[in-house]
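Just below is one structure, and these are the notes that go with it.
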Amino acid sequence: MIQAPPFRDGRLHVGLTGGIASGKSTVARLFAERGVPVIDLDQVAREVVEPGQPALEAIVDAFGSEVLDDEGKLDRGVLRARVFKDEAARRRLEALLHPLILEATVRHVEAAGGPYQVIVAPLLVEFGLAGWADRVLVVDCPTAIQLQRLMTRDGNDEALARSILAAQATRDERLAAAHDVISNANGPELLKDPVAQLDALYRDMAATGERDRPGLRLP
Ligand code: ADP
């Protein structure tokens, strides 16, 4: 569990989550096309380790300058190798990175404007952060389809793809945390209408200040 800093802007924040390759980025793009600001935690995580950012200094303090490449940038491969199979090192890395990622996310969200914001958070459920957002939207698809998309997108073999999935929350665990669910089991063109419905709901919730509307399960 991570203690997340609260949003102080009083607006509606939608946490968009789902397993790897379930279609989060695809769904997020459709919200962005409708004029909704999207803040992606993976992207924020990359920003906070750029040269000159405090997170990079903290990583070098903890793991030594061998995690930097010739240009002084973080060498992700070296860092990954350092924490791979070293549970204590991985925990140390997460303990220093996560608060900085979450603080930077809050700053982005508060600066973003828009009717409400979509925060793409792949590990929202895993990190016990479901309560951070006002509304949790889960992109759902059967595990077999998810595996297939993961192998196609990232070129992973099945064993690796399965081990990545095994390290994440299960489909049921994620669904249990959802207010709203959008199914991405079919063609991507079938996502547009459900996203339009969700967008209408969230705009209405944002405008009225109501926070306890019944969940939408789409399609
Ligand atoms: P995530 O952001 O959850 O990891 P992506 O949005 O990147 O997932 O989708 C994973 C892969 O599956 C991408 O290559 C994407 O183009 C593809 N994809 C997404 N939705 C569909 C769909 N409905 N039908 C077929 N392929 C899809």
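Whatever order the structure lists ligands and atoms in, that order sets their numbers, starting from 1.
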Heavy-atom pair of closest approach, residues G113 and R11:
CA-NH1, 3.1 Å

Which segment of V27 sits under 4.0 Å of ligand 1 when only heavy atoms are counted
neither

Distance to 0.1 Å, residue and atom name: give those for the protein heavy atom nearest to atom 19 (C) of ligand 1.
T26 OG1, 3.4 Å

Identify, by atom number and element, the atoms of ligand 1 in contact range of K24, meaning under 4.0 Å from any of its heavy atoms.
1 (P), 2 (O), 3 (O), 4 (O), 6 (O), 8 (O)

Determine whether V125 and V138 satisfy the following criterion, side-chain contact (heavy atoms from CB on, under 4.5 Å), listing intermediate values before the conclusion.
CA-CA 10 Å; V125 172; V138 167; 5.6 Å; no

Specify the protein heavy atom at minimum distance from atom 20 (N) of ligand 1: its residue, its atom name, and the distance to 0.1 Å.
N184 ND2, 3.0 Å

Give the numbers and elements of all ligand 1 atoms closer than 4.0 Å to a heavy atom of G19.
3 (O)

For atom 8 (O) of ligand 1, the protein heavy atom that lies nearest, with its residue and separation
G23 N, 3.1 Å

Show your reasoning for whether salt bridge (charged side-chain N to carboxylate O under 4.0 Å, His left out) applies to E50 and R46.
CA-CA 7 Å; E50 277 170 10; R46 284 192 289 274; over 6 Å; no

Does atom CZ (R91) have a neighbourhood of more than 12 heavy atoms from anything else shown, all under 6.0 Å?
no

For N186, the ligand 1 atoms with a heavy-atom partner under 4.0 Å come out as 22 (C), 23 (N), 24 (N)

Between ligand 1 and I20, is the shortest N or O to N or O distance under 3.5 Å?
no

Evaluate side-chain contact (heavy atoms from CB on, under 4.5 Å) for L41 paired with L123, printing each intermediate quantity in order.
CA-CA 9 Å; L41 260 70; L123 299 177; over 6 Å; no

Give the residue and atom name of whichever protein heavy atom lies nearest to atom 2 (O) of ligand 1, and the separation in Å to one decimal.
S25 OG, 2.6 Å

Closest protein heavy atom to atom 18 (N) of ligand 1, given as residue, atom name and distance to 0.1 Å:
R149 CD, 3.9 Å

Donor-acceptor contact present, side-chain Q146 to main-chain I20, <3.5 Å:
yes

Would you verify that at least one protein heavy atom lies under 4.0 Å from atom 16 (O) of ligand 1, or report that none does?
no

Audit row: R203, D199, salt bridge (charged side-chain N to carboxylate O under 4.0 Å, His left out) steps and yes/no:
CA-CA 6 Å; R203 281 177 193 265; D199 183 37; 3.1 Å; yes

Sub-4.0 Å atoms of ligand 1 with respect to non-hydrogen atoms of A21
1 (P), 3 (O), 4 (O), 8 (O), 10 (C)

When you measure from atom 4 (O) of ligand 1 to each heavy atom in Q148, Q146, R153, which option holds the nearest one?
R153

Is there a polar contact between ligand 1 and L191, counting only N or O atoms under 3.5 Å apart?
no

Is the closest heavy atom of G18 to ligand 1 under 4.0 Å?
no

So, 4.0 Å and heavy atoms of P122: is ligand 1 close enough to count as a contact?
no

If you look at every heavy atom in N184 and G23, which pair is closest and at what distance?
ND2-CA, 3.5 Å

Ionic contact status for R135 with D180, cut-off 4.0 Å
yes

Just how far is it from atom CG of L16 to atom CZ of F31, taken to the nearest 0.5 Å?
7.0 Å

